[in-house]
Amino acid sequence: MPDFHPNIWYPFTILKEAPTPVKIESGDGLWLELEDGRRIMDCISSWWVNIHGHAHPKMAKAIADQAKKLEQVIFANFTHDPAEKLAEQVTEQLPGTLNRVFFSDDGSTAVEVAMKMAYQYWRNKGEERKKFICFEGAYHGDTFGAMSAGERSVFTEVFEDLLFDVEFLPYPDTWMGDDTVAEREDKIIRQLEEMLDENLETYAGIMIEPLIQGAGGMRMCREDFLQKLHWVNRQFDTLLIFDEVMTGFGRTGDWFACRRAQVEPDLIAVAKGLTGGFLPLSLTIASDAIFEAFNSSDPIKTFWHGHSYTANPIGCAAGLASMELMHENEPVFSEMEQWHREELDKFRDHPKLKKHRVTGTIAAMEIDNEDADGYLNPAANRIKKKCVDKGLLIRPLGNVVYLMPPYCTTRDQLSTMYNGILELHEE
Ligand SMILES: *Cc1c(COP(=O)(O)O)cnc(C)c1O
């Protein structure tokens, strides 16, 4: 039986099965220090958020300075510099028409906001478009709208009756040596065109995790697919929503997946890397056209949504400091894909680790075992237990082993991570 703290209920944790949580005393760059003094490498940027590593002094200073100046203020009828500057700097890195930033607190909520905006956009224009088109294997968060848009799984099963219907298309995931992907993409695009052709007036929008599905198992698709999706979106006049909660801020080798794919969606949700993992903050960025549909004196056309911590100044100051580090770290996050490719070459003929793939700073492969694929594949628990003893924080998603290191990782440290994975699969 795990020895949990008697006053804490841990997330994503099967209460009678999970190991006792490991206590972390402190962090420093790539490293986390355990209570017993051992150090482990954070190979996954914790929950994919610490893009610059732990306890970065520049981040800490920006947060402390802002806390002494203005820690929080109501964001309706009032505004402040950190929010305005952050909105300017983020939109500067996004395609031309994505100019309106709406603040919230986490990825799930940023997705909820995007879906609410898309839905109300059509209402404001006098149309009733109620359905979303989403992708098999998607994960958009744990609130009700986000759950509805995601793959039905053990995470959502209990709530099935409360979720609204969306239509799912296959996600054309691919890997090194896969020669079937172009054909699969075309089939999905044809299916989408048929749906829109028959029932365009029922669809509010299409939502996708661009280039990489995160929690669904680091499934990667090609830029070509996003371009085809964008083209269909333009032909039919529907809305394209990119959930860049995980792919944003350098993860795909460029600032955003939409930039790498040269695609201009109508709405984008970002969160995880936004504050470098220091404070909870998220953004939904809308195109000028979306914003204009709400720009009215009619209360019914108003977007009635907000949170008590909306655009918290300390969170925004962390976001600004992280943006500065993003510029400093640009050479690393754009180069890391090449490092991953060199390392993955060591696994070319590995008998157990298959379907190698990489996009930007993220690389993944699958353990070929007898058990069913998916989050509850037992391989994950076996590896989680062993890797702390090897000095690594790796947390497989079912049978998918992946690395998502912070941008302070050196070439040699990345090599150490891969050697650790090799050793874990020799025993
Ligand atoms: C993590 C994640 C979310 C949810 O974000 P939270 O901050 O955990 O609520 C949504 N979408 C994607 C793609 C994610 O990876």
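Just follow the structure's listing: the first ligand is 1, and inside any ligand the first atom is 1. In what follows, every heavy atom counts, from backbone to side chain, and hydrogens, waters and symmetry copies are set aside.
- Salt bridge absent: E25 and K23 never bring a charged side-chain N and a carboxylate O closer than 4.0 Å.
- A salt bridge between E366 and R357 is present, with a side-chain N of the basic residue lying under 4.0 Å from a carboxylate O of the acidic one.
- Between E337 and R341 there is a salt bridge, since at least one side-chain N of the basic residue sits less than 4.0 Å from a carboxylate O of the acidic one.
- Formation of a donor-acceptor pair under 3.5 Å by the S282 side chain with backbone atoms of A271 is not found in this model.
- The side chain of V245, and not its backbone, has at least one atom closer than 4.0 Å to an atom of ligand 1 (non-hydrogen atoms only; side chain from C-beta on).
- L86 places a side-chain heavy atom less than 4.5 Å from the side chain of F103.
- In summary, the atoms of ligand 1 found under 4.0 Å from a heavy atom of S108, numbered by their order in the structure, are 4 (C), 5 (O), 6 (P), 9 (O).
- Looking at atom 10 (C) of ligand 1, its nearest protein heavy atom turns out to be H140 O, 3.1 Å.
- Using a 4.0 Å cut-off to heavy atoms of G107, the atoms of ligand 1 that qualify are 4 (C), 5 (O), 6 (P), 7 (O), 9 (O).
- Comment: R411 does not engage E335 in a salt bridge, judged by the lack of any side-chain N to carboxylate O separation of less than 4.0 angstrom.
- Heavy atoms of W47 come nearer than 4.0 angstrom to ligand 1 in no pair at all.
- For ligand 1 and M246, the ligand atoms under 4.0 Å from any heavy atom of the residue are 15 (O).
- Salt bridge E127/R129: present, at least one basic N to carboxylate O contact under 4.0 Å.
- If you number the atoms of ligand 1 from 1 as listed, the ones under 4.0 Å from a heavy atom of E209 come out as 13 (C).
- In the vicinity of D243, heavy-atom distances shorter than 4.0 Å reach the ligand 1 atoms 10 (C), 11 (N), 12 (C), 13 (C).
- At least one heavy atom of K272 sits under 4.0 Å from some atom of ligand 1.
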